[in-house]
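Along the sequence shown, residues carry numbers from 1. Quick caveat: nothing in here was measured; it's all calculated off a predicted structure.
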Amino acid sequence: MDARRIVLIQGHPDALMPHLGHALEDAYAQGAETGGHEVRRVAVAQLDFPLLRSEEAWKDGALPAALAQAQTDIAWAQHIVLFFPLWLGDMPALLKGFLEQVARPGFAFQPQGDNLFARKGLSGRSARVVVTMGMPALLYRWYFRAHSVKNLERNILGFVGIAPVNETLIGMVDKLGDAGVQKWTDKLRQLGGAAQ
């Protein structure tokens with residue numbers, strides 16, 4: 001397999017202490033680097049940016065300077081991996097705010113005339129979404145139909161041209177224990193090595 005350019009986006013909003021998502025990100029990065037792939041990282045919790053509050057700010061406002069490197073890294077990447085914990089059934093608000101800021105016309109979409117969405121600006125990239133949660137992953141997938149992850153895949157990633165999008169859902173995180181954590185970090189290391 002040819003070497004790929006991978007950006008890892010850590011969406012956990014707590015920058016003060018490491019969480020399972022950080023261990024999973026580290027394992028993926030180790031696997032990818034061992035596999036000869038190039039890796040860049042974006043830690044959303046370490047970025048200082050405002051939330052968007054109007055359509056005009058999204059369309060015509062300037063990208064916050066703190067997000068310029070993140071946009072550069074996403075443009076550079078061939079594969080994007082998003083890591084986040086499920087909070088109140090969805091991604092944390094800080095990650096959603098980050099995605100709203102970076103997915104702007106002229107970057108995530110290429111406008112043509114009055115049509116802001118004429119062309120998808122991030123086509124040619126694949127993605128993986130890695131989500132940790134307290135509930136069983138099967139319950140989230142089958143009973144709740146993984147609604148928030150499907151929304152992310154369809155209405156954000158797919159909307160800007162990123163496909164295919166695969167997912168890794170890890171449930172019952174409080175009960176994993178050392179053996180469970182090892183199992184999942186090994187799995188993420190393998191995925192990183194294969195740039196999947």
Flag, side chain of Arg125 to backbone of Ala77, donor-acceptor distance under 3.5 Å: yes
query: If you round to the nearest 0.5 Å, how far is CE of Met133 from CG of Leu20?
result: 11.0 Å
query: So, Gln69 and Asp73: side-chain donor and acceptor under 3.5 Å apart, yes or no?
result: yes
message: So that I can tick it off, tell me whether Glu167 and Lys150 are bridged by a salt bridge, with the cut-off set at under 4.0 angstrom between side-chain N and carboxylate O.
response: yes
- request: Say whether Leu67 and Ile156 are linked into one hydrophobic cluster, either directly or through other cluster members, by side-chain heavy-atom distances under 4.5 angstrom.
  value: yes
message: Could you tell me if the side chain of Ile170 sits less than 4.5 Å from the side chain of Thr168, heavy atoms only?
response: yes
message: Evaluate Arg41 against Asp26 for salt bridge (charged side-chain N to carboxylate O under 4.0 Å, His left out), listing each step before the verdict.
response: CA-CA 10 Å; Arg41 297 191 195 206; Asp26 289 343; 2.7 Å; yes
task: Could you pull out the closest heavy-atom pair between Leu176 and Gly171, with the gap in Å?
output: CD2-O, 4.1 Å
query: Does a sphere of radius 6.0 Å around CG in Asp178 hold more than 12 heavy atoms from other residues, nucleotides or ligands, not counting ones at 6.0 Å or beyond?
result: no
- request: Indicate the ring-plane relationship of His19 and His12, choosing parallel, tilted or perpendicular according to the 30° and 60° boundaries.
  value: parallel
- request: Considering non-hydrogen atoms only, spot the tightest contact between Ala108 and Ala103 and give its length.
  value: CB-CA, 3.5 Å
Flag side-chain contact, heavy atom, 4.5 Å: Phe98 against Leu47: yes
message: Taking Gln110's backbone N and O only, do any of them form a donor-acceptor pair with Arg119's side chain (distance below 3.5 Å, no angle check)?
response: no
- prompt: Quick one: does Gln78's side chain have a donor or acceptor within less than 3.5 Å of a partner on Arg5's backbone?
  reply: yes
- prompt: Taking atom CG of Leu191 and atom CG of Asn166, what is their separation to the nearest 0.5 Å?
  reply: 9.0 Å
message: I'd like to know if Val149 and Trp184 are part of one continuous hydrophobic network [Ile/Leu/Val/Met/Phe/Trp/Tyr, side-chain heavy atoms within less than 4.5 Å].
response: no
- request: Using distance alone, with no hydrogens and no angle criterion, decide if Gln182 and Asp186 have a side-chain donor and acceptor under 3.5 Å apart.
  value: yes
message: Within the 4.5 Å heavy-atom criterion, are Ser148 and Leu86 side-chain neighbours or not?
response: yes
- prompt: Can you tell if the side chain of Tyr140 reaches within under 4.5 Å of the side chain of Arg145, non-hydrogen atoms only?
  reply: no
query: Would you call Arg40 and Ile6 a side-chain contact if the rule is heavy atoms closer than 4.5 Å?
result: no
Sidechain-backbone polar pair: Gln71 side chain, Val102 backbone, donor-acceptor under 3.5 Å: yes
From Phe144 atom CZ to Leu138 atom CG, the distance as rounded to the nearest 0.5 Å: 13.0 Å
message: Would a single hydrophobic cluster contain both Val131 and Met135, if residues Ile, Leu, Val, Met, Phe, Trp and Tyr are joined by side-chain heavy-atom contacts under 4.5 Å?
response: yes
task: Given side-chain contact (heavy atoms from CB on, under 4.5 Å), test Leu169 with Val129 step by step and report yes or no.
output: CA-CA 8 Å; Leu169 305 179; Val129 178; 6.0 Å; no
Residue pair Phe159 / Leu122, side-chain heavy-atom distance below 4.5 Å: no
message: Between Arg104 (side chain only) and Trp58 (backbone N and O only), is there a donor and an acceptor less than 3.5 Å apart?
response: yes
query: Does Leu95 belong to the same Ile/Leu/Val/Met/Phe/Trp/Tyr cluster as Val42, with side-chain heavy atoms less than 4.5 Å apart forming each link?
result: yes
task: I would like to know whether Thr185 and Tyr28 meet side chain to side chain donor-acceptor pair (under 3.5 Å); could you show each step before the answer?
output: CA-CA 8 Å; Thr185 53; Tyr28 190 101; over 6 Å; no
- prompt: Under 3.5 Å, side chain of Gln10 to main-chain N/O of Phe84, donor-acceptor pair present?
  reply: no
message: Walk me through whether Ser126 and Arg4 qualify under side chain to side chain donor-acceptor pair (under 3.5 Å).
response: CA-CA 11 Å; Ser126 58; Arg4 297 189 79 198; 3.2 Å; yes
statement: For Gly11 and Pro92, the nearest pair of non-hydrogen atoms, with its separation, is O-CG, 4.0 Å
Closest non-hydrogen atom pair, Ala127 against Leu157: CB-CD1, 4.3 Å
- request: Check for a donor-acceptor pair, side chain of Arg128 on one end and backbone N or O of Gln196 on the other, with a separation under 3.5 Å.
  value: yes
- prompt: When you look at Glu56 and Lys59, which way does the salt bridge (charged side-chain N to carboxylate O under 4.0 Å, His left out) test go after all the steps?
  reply: CA-CA 5 Å; Glu56 290 74 24; Lys59 285 189 331 189; 5.7 Å; no
query: Do the side chains of Ile80 and Leu8 get nearer than 4.5 Å, heavy atoms only?
result: no
message: Would Phe83 and Val44 count as a side-chain contact (heavy atoms from CB on, under 4.5 Å) here? Give the steps.
response: CA-CA 10 Å; Phe83 299 84; Val44 175; over 6 Å; no
query: Step by step, would you call Leu152 with Leu82 a side-chain contact (heavy atoms from CB on, under 4.5 Å)?
result: CA-CA 10 Å; Leu152 169 63; Leu82 284 153; 4.2 Å; yes
message: So Val7 and Val81, do their side chains get closer than 4.5 Å, heavy atoms only?
response: no
message: Minimum heavy-atom separation for Gln101 and Leu51, please, with both atom names.
response: NE2-C, 4.3 Å
